[in-house]
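Read through the structure below, which is laid out as structure tokens, and then see the notes.
All figures in this text were calculated on a predicted structure; none of them were measured in a lab.
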Amino acid sequence: MIKNNLPFRLLSFLIFMILLIFGFRLASQKPLWNDEIYSQIASVENLTYVEILRGKISEGNATPLFYILQKAVCQITHYHTPEPWHRDEWTFDRMQDRIVLRIVSVLCTAGAIALIFYHFLKFHSLPTALFSLLLSLSTAILLHYWGEARPYALWIFLTTVQILLFLKVYIKEAFRPSIVRGLAVVHVFLSLTVVLSLAQILLISFLIWLNGLRERKYYFFLLFVPLIIGFGYYSVSPKYPFALIFSIEQYIRANISRDRFYIAVLFMLGLAVHHLCERFKMDNIISPVIKKGIPALIIFVGAMAGACVILADFKVNAGPVMQFPVTEKYLIFLAPIGIITTTLFADVLVRAVKMKWVSFIVLAMIAGLTLPRFMKVMSDLCKQYPHLFLS
């Protein structure tokens, strides 16, 4: 663990600024699409702050936080929606619209990646932090919604803060009041961002209870207030008929790619070898450091279980006619969870292997899984936006 934080805060801030520039560059290359324009007209410009807070939003998700932030940004920047949009001429496109309407999303995504980088820099090492950055930039869905004026980037940011705060419980080896209070604030913000976040709020609250925090007073803001907020906004939101269009595996792999599952399997194999060597009193080639990845494994499995519950709910409530498809973005909270947990799996696995030559083999396997993925995602991005890295 690095003790002098200042240089690494500066490095993380530099990473954040580079990501910010990249995010705005990406936003400038992408034309606004119908959902972004509709949200701006119907859910931001045409509503007051009070109407937004009361859930008068005509979209499937009536939670207000993203739309309040969008309205505040528009007022601060003196932005006005182009007149052609009010005449349903949504092909009208200006650079100003692309940038201003995506400020919140660009800030949130850059902030999420930089926070993950800083966490691993502070509590692990520079190579581990750089590996987390590599995973972030090879997460296709994260890049896709980085520069879109929709609530998904805010959901990514809050999920990142939630998981990193929860992991600090294991680092500090205690439930410090500041950590629990921080989680409570994040859970309230999550419930104000998207109703589907209630699944991850329930998961983390349950894991906290399992880890010994049984005092009921902590769960008022940690769990009960977010549930009341989430179900309250769900009750006033429009009920559109949704339908699944992919398999469960496709939904999950769109957010957590196959290479991350393979690294999780490698970690579980290392954990199994350590357990068997301990059980049969054999020379252990895997040190107890491997156990530090168990909290990440619990989060990883729990998040996928939560995703399956969400998909099952969509399936049960599907109408006879599909008006809106359930796309992979409805499980986008899995993306930062996949990045954080996979980084932890790789870090503890490499450090737990006692023999250097085996450690090098493990490193080579991890590199062989992640680098091709990174190159493919970057190649696809350059093909989609040929001028992204050109002046």
Side-chain angles (χ1 to χ4, degrees), residues 12 14-37 93-117 120 129-157 159-160 246 250-263 327-340 342-343 346 366-391:
S12 299
L14 176 62
I15 294 293
F16 171 71
M17 294 305 296
I18 294 171
L19 292 169
L20 206 59
I21 293 168
F22 175 77
F24 280 119
R25 180 70 179 172
L26 184 61
S28 71
Q29 298 290 305
K30 299 174 63 172
L32 288 154
W33 65 300
N34 290 354
D35 281 13
E36 294 177 280
I37 296 172
D93 189 29
R94 299 180 304 180
M95 185 62 66
Q96 177 190 3
D97 305 315
R98 296 184 186 184
I99 297 299
V100 174
L101 295 182
R102 291 164 170 168
I103 287 175
V104 173
S105 295
V106 170
L107 283 169
C108 285
T109 309
I113 298 172
L115 276 176
I116 294 170
F117 179 87
F120 287 108
L130 291 172
F131 181 70
S132 76
L133 186 60
L134 176 74
L135 289 181
S136 296
L137 295 177
S138 58
T139 305
I141 195 168
L142 186 146
L143 295 173
H144 183 77
Y145 289 100
W146 192 328
E148 289 203 0
R150 303 284 289 146
Y152 307 111
L154 179 59
W155 192 4
I156 288 169
F157 175 78
T159 300
T160 299
F246 303 121
Q250 288 174 312
Y251 279 111
I252 292 176
R253 282 202 298 104
N255 291 279
I256 302 178
S257 54
R258 188 180 280 111
D259 57 299
R260 284 147 216 212
F261 281 98
Y262 291 154
I263 292 173
T327 60
E328 67 279 357
K329 64 192 176 186
Y330 292 102
L331 299 181
I332 204 168
F333 71 99
L334 291 176
I337 291 175
I339 294 166
I340 295 166
T342 304
T343 304
I366 292 171
L369 288 169
T370 54
L371 288 176
R373 175 72 184 177
F374 173 75
M375 297 301 294
K376 182 183 185 305
V377 169
M378 287 295 111
S379 175
D380 291 345
L381 195 67
C382 290
K383 287 177 183 177
Q384 189 175 3
Y385 307 107
H387 304 292
L388 182 61
F389 297 105
L390 300 175
S391 58

**Q.** Ring geometry between F333 and W155 (parallel below 30°, tilted from 30 to 60°, perpendicular above 60°)
**A.** parallel

Q: Assess the side chains of R260 and S138: does a donor N or O sit below 3.5 Å from an acceptor N or O?
A: yes

Q) Relative to the ring of Y152, is the ring of Y330 parallel (under 30°), tilted (30 to 60°) or perpendicular (over 60°)? A) perpendicular

Q: Could you list the residues that satisfy side chain to side chain donor-acceptor pair (under 3.5 Å) with T370, not counting sequence neighbours?
A: none

Q: Assess whether side chain to side chain contact (heavy atoms under 4.5 Å, CB included) is satisfied between R25 and Y385, documenting all intermediate values.
A: CA-CA 10 Å; R25 180 70 179 172; Y385 307 107; over 6 Å; no

Q) Looking only at heavy atoms, which two atoms of L369 and D259 are closest? And how far apart? A) O-CB, 3.4 Å

**Q.** Atom of E328, atom of A254 and distance for their closest heavy-atom approach
**A.** CB-CB, 3.5 Å

Q | Trace of the side chain to side chain contact (heavy atoms under 4.5 Å, CB included) decision for F117 with L130 | A | CA-CA 7 Å; F117 179 87; L130 291 172; 3.9 Å; yes

Q. So do F16 and I113 actually touch side chain to side chain, heavy atoms under 4.5 Å?
A. no

Q.
Tell me whether S379 contacts the main-chain N or O of K376 through its side chain, where contact means a donor paired with an acceptor under 3.5 Å.
A. no

(Q) Please list all pairs meeting salt bridge (Lys or Arg N to Asp or Glu O under 4.0 Å) that have one or both residues in residues 133-144, counting only residues at least two apart or in different chains. (A) none

Q: Using the side chain to side chain contact (heavy atoms under 4.5 Å, CB included) rule, pick out the option among T342, T159, I156 that qualifies with I337.
A: T159

Q: Check the pair T139, V377 against side chain to side chain contact (heavy atoms under 4.5 Å, CB included), reporting the backbone distance first and the verdict last.
A: CA-CA 7 Å; T139 305; V377 169; over 6 Å; no

Q | Student check: side-chain heavy atoms of Y251 and N255 closer than 4.5 Å | A | no

Q | Distance in Å, L137 CG paired with L19 CG, rounded so as to fall on 0.5 Å steps | A | 6.5 Å

Q) Looking at OG1 of T343 and CG of L135, how far apart are the two atoms once the value is rounded to the nearest 0.5 Å? A) 4.5 Å

Q. Nearest 0.5 Å, what's the CG-CD1 distance between D97 and I37?
A. 8.0 Å

Q. Can you find a heavy atom in the side chain of Y145 that is under 4.5 Å from one in the side chain of R150?
A. no

Q | Close side-chain approach of E36 to R102, heavy-atom, < 4.5 Å | A | yes

Q. Minimum heavy-atom separation for A153 to C108, with atom names?
A. O-CB, 3.5 Å

Q.
Can you give me the closest heavy-atom contact between F120 and S132, atom names plus distance?
A. CD1-CB, 3.9 Å

Q | Trace of the side chain to side chain contact (heavy atoms under 4.5 Å, CB included) decision for R373 with L134 | A | CA-CA 10 Å; R373 175 72 184 177; L134 176 74; over 6 Å; no

Q) If you round to the nearest 0.5 Å, how far is CG of L115 from OG of S136? A) 10.5 Å

**Q.** Where A27 and G147 come nearest, the two heavy atoms and their spacing
**A.** CB-CA, 4.3 Å

Q: Write down the atom of A114, the atom of S12, and the distance for their closest heavy-atom approach.
A: CB-O, 4.2 Å

Q | R253 side chain reached by F261 side chain, heavy atoms, under 4.5 Å | A | yes

**Q.** Backbone N/O of I141 and side chain of K329: donor-acceptor pair under 3.5 Å
**A.** no

Q) What is the distance from atom CD1 of I332 to atom NE2 of H144, rounded to the nearest 0.5 Å? A) 8.5 Å

Q. Are the side chains of F22 and L143 in touch, meaning some heavy atoms are under 4.5 Å apart?
A. yes

**Q.** Interatomic spacing from CD1 in I339 to CG in L334 - rounded to 0.5 Å
**A.** 11.0 Å

Q.
So does E148 get a backbone contact from the side chain of S105, meaning a donor-acceptor N/O pair under 3.5 Å?
A. yes

